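Input: a single structure, listed below in structure tokens.
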Amino acid sequence: MRELNGSAMICEALKEENVKIVFGYPGGAALNIYDEIYNQKYFKHILVRHEQAALHAADAYARMSGEVGVAIVTSGPGFTNTITGLASAYSDSIPLVLISGQVANSLIGTDAFQEIDAVGISRPCVKHNYLVTCIEELPRILKEAFYIAKTGRPGPVHIDVPKDVSATLGAWEYPKQISMKTYKPVYKGNSKQIKKFAELLKEAKRPLFYLGGGCVSANASEYVRELVSLTKIPVVETLMALGTLRSDDALNLKMAGMHGSYSANMALSECDLLVSIGARFDDRITGKTSEFAKHATIIHVDIDPSSISKIIRAHYPIVGDVKEVLKELLEELKKEEFHADFSQWHETLRRYNELYPLCYEDSNEVLKPQWVIQECARLAPEARIITDVGQHQMWVAQFYPFNYPRQLATSGGQGSMGYSLPAALGAKLAVGDEVVVNFVGDGSILMNIQELMTAYEYGIKTINIILNNAFLGMVRQWQSMFYKDHFSETDLSLQADFVKIAQGFGCEGYQISTKEEFSKAFNEALKSDKSSLLNVLIDRFEDVLPMVPAGGAIYNMILPKAKDKQ
């Protein structure tokens with residue numbers, strides 16, 4: 001048995017967990033850890049320029065790779081800067097391990113320099129957290145952290161390591177397995193409930209599959225596609241589930257919810273059987289809960305028992321891993337030929353889609369954001385897509401054709417502005433030679449624009465498209481619709497020169513106001529070996545439609561013009 005100090009134990013644990021990339025930022029309480037990082041050869045450390053960026057980069061690395069993302073920071077403000085990233089990962093069930101330095105045990109509680117109650121602060125936005133008080137418990141805690149982060153419903157785990165622990169020698173024996181009495185995720189669903197599930201699918205007249213991010217995190221897309229192909233039951237997806245089913249599948253009604261398609265929201269409102277698979281019924285999907293799927297029997301499949309009937313009562317709850325439950329369901333359905341006829345239901349939904357498709361009025365006078373997104377999809381059809389938060393996020397969800405799981409990384413549950421630029425770096429490090437395109441707003445880009453320096457230093461090539469309407473666009477849209485055009489603190493007409501900023505960070509910069517300029521610049525960005533920033537000037541007052549007003553029923557949408565009136 002070897003004897004190692006705490007910092008060496010951390011590096012050895014990362015090696016044991018096959019961690020390839022670590023994002024971080026050093027500081028006093030983490031100096032011992034960083035001294036060990038200097039000497040190790042197991043993983044690559046990426047120095048971000050802000051601790052928030054370390055978490056967003058690790059988050060997107062996890063989303064794209066399916067592995068646990070890792071970040072290391074120091075104490076005090078170094079740690080507090082990570083809270084937005086932790087909260088974003090927690091809301092979206094992303095597996096992360098954050099290791100933060102802390103002042104020495106003897107100084108905890110004395111208001112020492114850069115001391116903060118990190119464990120107390122992180123508790124509401126992590127799956128679990130630890131304060132390591134002695135070297136003897138560090139190997140177990142490291143193993144448990146990775147185990148908890150990636151099992152059950154995934155999520156971030158925080159380990160706070162006092163400086164004396166990171167320097168103290170102790171016996172190094174990394175546990176091979178973890179067994180925790182108070183944490184035992186259930187993977188296999190109840191067989192009786194699954195048989196009932198199969199019966200209900202056959203009996204329904206207007207059934208609907210409602211897919212959530214759990215389909216992606218469980219790597220269940222293959223089974224979802226087989227189930228849909230077998231049953232011919234239509235599907236709606238949440239923002240987090242995009243790509244689970246191909247966008248061009250005839251049964252895919254696209255994204256549902258506040259900015260979902262008309263046919264998706266009407267399907268949710270009129271179905272008689274709603275099957276939620278790895279989704280959590282958040283308010284952006286349900287709208288007014290008393291009106292949500294009120295005619296439907298509800299089946300809810302989720303690995304997290306606390307999510308079932310939390311918001312919408314499930315008549316048939318099934319606790320289990322989505323992949324395992326669907327595998328057993330398919331076996332049950334294949335025992336005899338599936339005969340249900342949903343043609344009338346399909347026809348109803350087809351008419352809804354024809355009446356109010358996802359559409360926009362194109363223009364040769366001003367660039368429309370939807371056109372930019374569709375042109376990007378034409379030029380880079382299989383790209384990995386990152387978005388920040390706001391109008392551009394919803395336009396991408398509506399108009400980019402997502403065709404495979406883990407194609408999209410976006411901050412869904414928290415809607416964290418500033419997410420996408422560091423996330424694009426983490427995504428690119430996860431996917432290697434694949435194209436990574438980041439759509440971001442002119443408000444969001446300024447929140448972590450310093451990470452262009454990280455991109456330049458490490459040669460991380462991403463294509464960053466600012467859909468620039470010189471507004472905080474989504475807030476402006478609400479002000480237009482509900483606040484009498486009172487554009488209180490949302491006008492961003494005074495702007496920096498984004499091209500010069502990009503060039504100052506060693507990246508490519510392009511100013512774009514026409515379709516020809518965009519296509520030319522995007523192709524140049526594809527060929528460049530540097531990260532690129534495309535500042536695309538778009539229609540300032542373009543709205544995201546459809547839209548369900550906050551708190552309203554999802555069948556009451558503000559809609560674009562009907563197709564026959566265009």
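This one's a predicted model, so the numbers in the text were calculated from it and none came from an experiment.
Using modelled atom types and a 3.5 Å distance limit, the side chains of S519 and R378 yield no donor-acceptor pair. Q374 and Y360 share a donor-acceptor pair across their side chains, judged by distance under 3.5 Å alone. With no hydrogens or angles considered, no side-chain donor-acceptor pair links S307 and R280 at under 3.5 Å. Side-chain contact of Q479 with S488: a donor-acceptor pair under 3.5 Å is absent, judged by distance alone. Of the N and O atoms on the side chains of E51 and T82, not one donor lies less than 3.5 Å from an acceptor on the other residue. Residues E226 and S229 bring no donor and acceptor atom of their side chains to less than 3.5 Å of each other. Defined by atom type and a distance below 3.5 Å, a donor-acceptor pair is present between the side-chain atoms of S221 and R225. No hydrogens or angles considered: a donor-acceptor pair under 3.5 Å links the side chains of E270 and Y352. There is a side-chain donor-acceptor pair under 3.5 Å between E542 and Q370. With no hydrogens or angles considered, no side-chain donor-acceptor pair links N438 and T462 at under 3.5 Å. N535 and Q495 are not linked by any side-chain donor-acceptor pair at a separation below 3.5 angstrom, with hydrogens and angles left out of the test. S411 and S88 are linked by a side-chain donor-acceptor pair at a separation below 3.5 angstrom, with hydrogens and angles left out of the test. No hydrogens or angles considered: a donor-acceptor pair under 3.5 Å links the side chains of Q414 and S91.
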Determine whether Q477 and S480 satisfy the following criterion, side chain to side chain donor-acceptor pair (under 3.5 Å), listing intermediate values before the conclusion.
CA-CA 5 Å; Q477 178 172 329; S480 292; over 6 Å; no
side-chain contact (heavy atoms from CB on, under 4.5 Å) assessment of V228 paired with L245
CA-CA 9 Å; V228 173; L245 205 63; 4.3 Å; yes
Taking it one step at a time, do H259 and M474 satisfy side-chain contact (heavy atoms from CB on, under 4.5 Å)?
CA-CA 12 Å; H259 293 292; M474 188 61 86; 3.6 Å; yes
Set out, in order, the CA-CA distance, both residues' side-chain angles and the distance that settles side chain to side chain donor-acceptor pair (under 3.5 Å) for N469 and Q391, then state yes or no.
CA-CA 10 Å; N469 53 16; Q391 285 181 310; 3.0 Å; yes
side-chain contact (heavy atoms from CB on, under 4.5 Å), that's the test. Do S528 and L526 meet it? Break it down for me.
CA-CA 6 Å; S528 175; L526 283 172; over 6 Å; no
Under the side-chain contact (heavy atoms from CB on, under 4.5 Å) rule, what do M255 and T238 come out as? Steps first, then yes or no, please.
CA-CA 5 Å; M255 187 176 72; T238 67; 5.9 Å; no
Side chain to side chain donor-acceptor pair (under 3.5 Å), that's the test. Do T490 and R476 meet it? Break it down for me.
CA-CA 6 Å; T490 52; R476 190 282 308 158; over 6 Å; no
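Ion pair K461/D433 not flagged as a salt bridge, since none of the NZ, NE, NH1 or NH2 atoms sits closer than 4.0 Å to an Asp/Glu carboxylate oxygen. Between E457 and R49 there is a salt bridge, with a side-chain nitrogen of the basic residue lying less than 4.0 Å from a carboxylate oxygen of the acidic one. A salt bridge does not link E516 with K520: every distance from a Lys NZ or Arg NE/NH1/NH2 to an Asp or Glu carboxylate oxygen is 4.0 Å or more. Taking a cutoff of 4.0 Å between a charged side-chain nitrogen and a carboxylate oxygen, R384 and E434 qualify as a salt bridge.
The backbone N or O of V437 lies less than 3.5 Å from no partner atom in the side chain of K428, so there is not a single donor-acceptor pair. Between the side chain of D539 and the backbone N or O of V366, no donor-acceptor pair lies under 3.5 Å. A distance-only check finds a donor-acceptor pair linking the side chain of D302 to the backbone of D304 [under 3.5 Å]. Checking side-chain atoms of N448 against main-chain N and O of L421 turns up no donor-acceptor pair under 3.5 Å. Put simply, the side chain of Q398 gets close to the backbone of L545: a donor and an acceptor are under 3.5 Å apart. The backbone N or O of V216 lies less than 3.5 Å from a partner atom in the side chain of R406, making a donor-acceptor pair. Side-chain atoms of Q407 come within 3.5 Å of backbone atoms of A383 as a donor-acceptor pair (strictly under, hydrogens ignored). Proximity of a side-chain donor or acceptor of R350 to a complementary backbone N or O of W345 within less than 3.5 Å is not detected. Proximity of a side-chain donor or acceptor of K150 to a complementary backbone N or O of G66 within less than 3.5 Å is not detected. Side chain of T80 to main chain of P77: a donor-acceptor pair is present (N/O by atom type, distance under 3.5 Å, no hydrogens or angles).
By the neighbour-count criterion of 12 heavy atoms within 6.0 Å, atom OH of Y555 is densely surrounded, having more than that number from other residues, nucleotides or ligands. R206 CZ: more than 12 foreign heavy atoms inside a 6.0 Å radius. For E347, the CD atom is densely surrounded, since the number of other residues' heavy atoms within 6.0 Å is greater than 12. Heavy-atom neighbours of Y25 OH from other residues, nucleotides or ligands within 6.0 Å: at or below the threshold of 12. Counting heavy-atom neighbours within 6.0 Å of K288 NZ, excluding the residue itself, gives a total of 12 or less. Within 6.0 Å of CZ on F487 lie more than 12 heavy atoms contributed by other residues, nucleotides or ligands. Within a 6.0 Å radius of CG in D485, other residues, nucleotides and ligands contribute more than 12 heavy atoms.
Contact between A256 and I285 at its shortest, heavy atoms only, is O-CD1, 3.3 Å. The shortest heavy-atom contact between L55 and G85 is CB-CA, 3.6 Å. When all heavy atoms of C507 and S531 are compared, the closest pair comes out as CB-O, 3.2 Å.
Between H158 and F79, the ring planes lie parallel to each other; the angle is under 30°, not in the 30° to 60° tilted range. Using a 30° and 60° split on the angle between ring planes, W478 and F482 fall in the perpendicular class, above 60°.
Remark: I385 CD1 to T387 OG1 distance equals 9.5 Å, nearest 0.5 Å. The distance from atom CG of N468 to atom OG of S513, rounded to the nearest 0.5 Å, is 11.5 Å. The structure places CD of E508 at 11.0 Å from OH of Y456, a figure rounded to the nearest 0.5 Å. Distance CZ/F43 to CD/E17: 12.5 Å, rounded to 0.5 Å. Here the OG1 atom belonging to T454 is positioned 6.5 Å from the CG atom belonging to L425, to the nearest 0.5 angstrom. For the atom pair CZ of F402 and CG of L408, the computed distance is 4.5 Å after rounding to the nearest 0.5 Å.
At a threshold of 4.5 Å between non-hydrogen side-chain atoms, the residues I512 and L367 count as touching.
For Y210 and F281, the ring centers are positioned less than 6.0 Å apart. Taking the six-membered ring for Trp, F439 and H392 have ring centres at least 6.0 Å apart. Aromatic ring centroids of F471 and F541 lie under 6.0 Å apart.
At least one test fails for R246 against the ring of Y404: distance under 6.0 Å to the centre or angle within 45° of the axis.
Residue P422 forms a side chain to side chain contact (heavy atoms under 4.5 Å, CB included) with just one option from H56, H50, M447, Q450, and that option is H56.
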